[in-house]
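Notes follow the structure.
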Number of protein chains: 2
Amino acid sequence: MAQQKAAAAKRKGAMAKDGVSANDAAPPKDRRRERGEASVQRIIDATIELIAEEGLASVTMQRIAEHVGSSNALVVFHFRSKENLFRAVLQYLSDRYDELWVTLVRAPGLSPVERALGAVDCAQRFARQHPKWVSVFVVFSSDRKSMQIYDEIGLPSDLAYTAEARELLIEISRSGGYTGVDIDTLSESLNYLVHGAWYWDHLNPSSRDTNVLRKTMLLLLHQAFPRHFELMR
Amino acid sequence: MAQQKAAAAKRKGAMAKDGVSANDAAPPKDRRRERGEASVQRIIDATIELIAEEGLASVTMQRIAEHVGSSNALVVFHFRSKENLFRAVLQYLSDRYDELWVTLVRAPGLSPVERALGAVDCAQRFARQHPKWVSVFVVFSSDRKSMQIYDEIGLPSDLAYTAEARELLIEISRSGGYTGVDIDTLSESLNYLVHGAWYWDHLNPSSRDTNVLRKTMLLLLHQAFPRHFELMR
DNA sequence: CCGCGGCCTTTTGTTGCGCCATCTTCGTCC
DNA sequence: GGACGAAGATGGCGCAACAAAAGGCCGCGG
């Protein structure tokens with residue numbers, strides 16, 4: 001499947017990058033492979049675009065191929081089936097979200113409070129910078145059929161992020177000497193808020209770009225840990 | 001499949017006797033029409049069931065008919081097309097929600113605070129009592145194609161409920177002498193929370209039946225209007 | 001007993017996925 | 001350095017699934 005190509009890409013990336021250096025080692029970088037990988041990426045991008053704009057039902061292999069500017073057989077060649085293509089798309093998006101999360105939440109040297117703020121940022125930035133990606137997530141996770149794919153790829157990460165955030169809240173509560181804070185309800189609320197914002201903004205894009213999500217999350221955090229989170233103005 | 005149907009119909013006609021006493025109150029209603037209406041309802045129910053369980057993509061006219069125990073032509077007969085059927089389904093669900101909203105929010109003699117609490121109740125009850133209906137809403141509003149249907153039937157009501165809730169909050173704020181409350185952010189947050197809960201519980205049913213939605217909505221209301229809303233314990 | 005309305009079967013035309021035969025382009029081996 | 005082989009790409013086709021239309025049947029009510 002698609003993983004083979006990712007693996008091959010690593011091998012190439014190791015040395016082909018600085019290949020400008022004169023005539024050393026005659027770089028055997030396979031231009032066929034490069035072309036193929038570029039095609040794979042273009043197909044994934046086109047699929048995201050189409051799904052975000054039109055939904056799953058009306059997306060066909062030929063429409064994707066058409067959008068890419070190739071024949072449908074090329075799509076079938078790279079991803080053996082439609083389901084495989086969708087799986088690759090979701091994996092791609094999941095990886096992009098993970099990158100952002102790692103940068104904003106798991107960056108070394110951050111305090112738990114900073115990490116929590118990073119998580120808030122993560123949710124908001126992702127939705128603002130890549131509304132189409134969010135749409136694809138929503139579409140995939142709604143239809144039960146494609147939900148099988150989401151259950152395999154998206155949901156586990158999703159639950160992991162929630163759990164990680166929950167641990168952060170516990171740590172803040174403990175080290176801050178707070179008692180009587182209902183962590184489970186709080187973290188679940190934040191989860192609802194994030195997904196609600198994503199979902200609602202997908203179905204009613206005009207409400208995007210307000211600061212409601214961030215404000216409310218900070219409000220809840222402030223209400224629970226007043227000494228550690230400032231209210232937004 | 002269809003043979004059973006004909007047989008059942010036959011039996012039904014003969015059975016009208018032993019159901020009630022011989023000369024039961026002269027039915028002024030056309031029994032054919034009754035049967036037809038029952039079919040319509042059964043088809044709608046089956047469609048809801050199927051969409052909630054499998055998503056839009058894999059639902060076909062024949063699967064619906066099969067689930068109802070009739071031929072696909074019967075479905076086509078009652079609703080002229082698939083799109084029309086879906087429209088009827090969404091209209092049906094929208095009507096059910098409206099009934100609940102009218103009962104809980106617009107009941108005569110309620111104070112604004114009671115109405116607001118009614119709105120909270122409405123969102124929670126609907127999700128608890130009819131998870132499949134919520135699933136259908138989510139499915140319809142996710143796929144852009146069927147979103148055209150949702151935009152016509154579901155979204156206007158949705159926006160109306162949000163607007164009505166917002167008016168309630170304004171009224172409470174005014175009559176309660178509150179100043180500096182950001183009504184727009186508050187009502188939008190509550191909206192996010194409701195849709196987030198519906199969406200998340202649809203894609204991760206195990207988290208249903210907690211009280212998080214209600215608790216958090218009341219928390220936000222209490223935070224804005226402390227003299228009018230008690231916290232849950 | 002007759003006509004109509006609800007119900008069903010069969011048919012038709014369309015669409016989409018996946019595969020095959022073929023072609024091109026590029027590394028590699030002798 | 002020239003031919004072979006493999007990866008990448010193309011067009012088209014077969015099979016299956018689907019929505020929808022055309023037409024016939026049957027029981028019910030008048």
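First the proteins, then the strands, lettered A, B, ... as listed; each starts at 1.
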Verdict with reasoning, A/Trp101 to A/Phe126, per ring pair (Phe, Tyr, Trp, His ring centres under 6.0 Å): CA-CA 10 Å; A/Trp101 180 271; A/Phe126 195 74; over 10 Å; no
Looking at [options], which one has an atom nearest to any side-chain atom of [X]?
{"X": "B/Phe77", "options": "C/dG18, C/dG6, D/dT10", "value": "C/dG6"}
{"X": "A/Arg35", "options": "D/dA20, C/dC7, D/dA9", "value": "D/dA9"}
{"X": "A/Ala73", "options": "D/dA20, D/dG12, C/dC7", "value": "D/dG12"}

Separation of atom [atom1] in [X] from atom [atom2] in [N], rounded to whole Å:
{"X": "B/Ile43", "N": "C/dG6", "atom1": "CD1", "atom2": "P", "value": "13 Å"}
{"X": "A/Asn84", "N": "C/dC19", "atom1": "CG", "atom2": "P", "value": "12 Å"}
{"X": "B/Gln41", "N": "C/dG6", "atom1": "CD", "atom2": "P", "value": "17 Å"}
{"X": "B/Phe79", "N": "D/dA19", "atom1": "CZ", "atom2": "C1'", "value": "16 Å"}
{"X": "B/Leu85", "N": "D/dA20", "atom1": "CG", "atom2": "P", "value": "10 Å"}
{"X": "A/Asn72", "N": "D/dG14", "atom1": "CG", "atom2": "P", "value": "15 Å"}
{"X": "A/Glu37", "N": "C/dC26", "atom1": "CD", "atom2": "P", "value": "16 Å"}
{"X": "B/Leu74", "N": "D/dA20", "atom1": "CG", "atom2": "P", "value": "15 Å"}

A/His202 side chain vs B/Ser142 backbone, donor-acceptor pair below 3.5 Å: yes
Expected output: side-chain B/Arg115 to main-chain B/Ala107 donor-acceptor under 3.5 Å: yes
B/His195 and B/Trp198 aromatic ring geometry - parallel, tilted or perpendicular at 30°/60° bounds: tilted
Presence of A/His78 side-chain N/O under 4.0 Å of D/dA9 phosphate oxygens OP1/OP2: yes
N/O (side chain, B/Ser71) to phosphate O (OP1/OP2, C/dC7) under 4.0 Å: no
Sequence neighbours excluded - salt bridge (Lys or Arg N to Asp or Glu O under 4.0 Å) pairs with any residue from residues 140-151 of chain B: none
Ring center gap for B/Tyr97 and B/Tyr161 short of 6.0 angstrom: yes
Approximate separation, where rounding is to 0.5 Å, of B/Thr216 OG1 and A/Glu188 CD: 9.0 Å
Contact list for DNA chain C against residues 60-70 of chain A - heavy-atom distance below 4.0 Å: A/Thr60, A/Met61, A/Gln62
